[in-house]
Amino acid sequence: MQGIDLTTLPATRAPADQLVFSEENHEGNVLRAVRTKTWKWIEANEGNPRGLAARELFRVESDRGETHNVVDQEPGTALELSRQAGALEAAAKSGKIGEARKAVISAEECEQLKQLGYVSGDDCSGTPAPH
């Protein structure tokens, strides 16, 4: 899925770009999470091998160690972040998040990418490259 420019300060980004979505599907652990400035929402599959709770919500500004699951005290926040996680996951799978843009890179940058194996053949012709 298309990402966002992480060099901009989160507070200056559009509201939808101020949260981070992540997911994991590894060795029987199926997780998805949404992180905002204030909250971290984590959903785990029932019976996961790590024994993680199915739903966790942490107020990260005051609980940096994420030791107090407040999902029961904040059901509205949990529901909204779960909804956002589902929407972001669906959008990521459909490939419809943002628009890919082309970036022009210098011949030197293109040659460096070629040496690293990201570009092959005559792709270093100075034409715009995918961003």
Side-chain angles (χ1 to χ4, degrees):
M1 84 182 171
Q2 185 64 30
I4 59 169
D5 182 357
L6 296 177
T7 62
T8 60
L9 294 173
T12 65
R13 298 178 194 153
D17 292 339
Q18 292 181 17
L19 58 90
V20 176
F21 171 73
S22 62
E23 60 183 347
E24 174 186 324
N25 188 343
H26 182 67
E27 297 180 349
N29 298 293
V30 181
L31 308 169
R32 69 180 182 184
V34 172
R35 170 73 158 79
T36 70
K37 180 181 178 185
T38 307
W39 302 102
K40 182 188 268 185
W41 167 252
I42 306 168
E43 295 178 46
N45 56 312
E46 296 285 342
N48 62 77
R50 287 191 209 154
L52 300 172
R55 309 288 178 263
E56 294 180 292
L57 179 65
F58 300 103
R59 191 183 313 262
V60 293
E61 288 181 315
S62 59
D63 181 16
R64 296 198 186 276
E66 299 173 11
T67 57
H68 299 92
N69 184 358
V70 296
V71 71
D72 293 332
Q73 291 82 28
E74 295 285 345
T77 300
L79 182 63
E80 176 58 21
L81 291 175
S82 178
R83 186 198 64 74
Q84 289 180 352
L88 287 166
E89 181 178 44
K93 288 181 179 176
S94 73
K96 296 186 180 184
I97 292 183
E99 286 185 37
R101 297 182 307 263
K102 294 213 177 230
V104 177
I105 61 174
S106 69
E108 179 184 346
E109 291 167 322
C110 194
E111 189 57 40
Q112 290 172 344
L113 291 172
K114 187 175 183 179
Q115 291 174 8
L116 291 169
Y118 291 107
V119 176
S120 63
D122 294 328
D123 290 342
C124 289
S125 59
T127 59
H131 179 63

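None of the values given here were measured: they were computed from a predicted structure.
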*Check: V71 and W41 side chains under 4.5 Å, non-hydrogen atoms*: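 Side chain of W41 against side chain of V71, heavy atoms only: contact under 4.5 Å found.
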*In chain order, what residues pass the side-chain contact (heavy atoms from CB on, under 4.5 Å) check against E61, with sequence neighbours excluded?*
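E61 satisfies side-chain contact (heavy atoms from CB on, under 4.5 Å) with K37, T38 only.
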Sequence-distant partners of [X], salt bridge (Lys or Arg N to Asp or Glu O under 4.0 Å), two or more places apart:
X: E66; value: K40
X: E56; value: none
X: R59; value: E74

Point-to-point distance, once rounded to the nearest 0.5 Å, from [atom1] of [X] to [atom2] of [Y]:
X: T77; Y: W39; atom1: OG1; atom2: CH2; answer: 4.5 Å
X: L57; Y: E43; atom1: CG; atom2: CD; answer: 11.0 Å
X: E108; Y: E111; atom1: CD; atom2: CD; answer: 9.5 Å
X: E89; Y: F21; atom1: CD; atom2: CZ; answer: 4.5 Å

Donor-acceptor pairs under 3.5 angstrom involving side-chain atoms of residues 46-54: please list them, not counting sequence neighbours.
unit_1	atom_1	unit_2	atom_2	d
N48	OD1	R50	N	3.3
N48	OD1	G51	N	2.9
N48	OD1	L52	N	2.8
N48	ND2	N45	O	2.8
N48	ND2	L52	O	3.0
R50	NH2	E24	OE1	3.3
R50	NH2	E24	OE2	2.5

*Would you sort out whether L113 and I105 count as a side-chain contact (heavy atoms from CB on, under 4.5 Å), showing the intermediate values?*
CA-CA 10 Å; L113 291 172; I105 61 174; 3.8 Å; yes
*Group every Ile, Leu, Val, Met, Phe, Trp and Tyr by side-chain heavy-atom contacts under 4.5 Å, then state whether V70 and V60 land in the same group.*
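They do not share one cluster, since no chain of ILVMFWY contacts under 4.5 Å joins V70 to V60.
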_Keeping N69 on the side-chain end and R55 on the backbone end, is there a donor-acceptor pair under 3.5 Å?_
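Yes; at least one donor-acceptor contact below 3.5 Å.
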_Among residues at least two apart in sequence or on other chains, which ones pass side-chain hydrogen bond (donor to acceptor under 3.5 Å, both in side chains) with Q73?_
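side-chain hydrogen bond (donor to acceptor under 3.5 Å, both in side chains) list for Q73, sorted by chain: empty.
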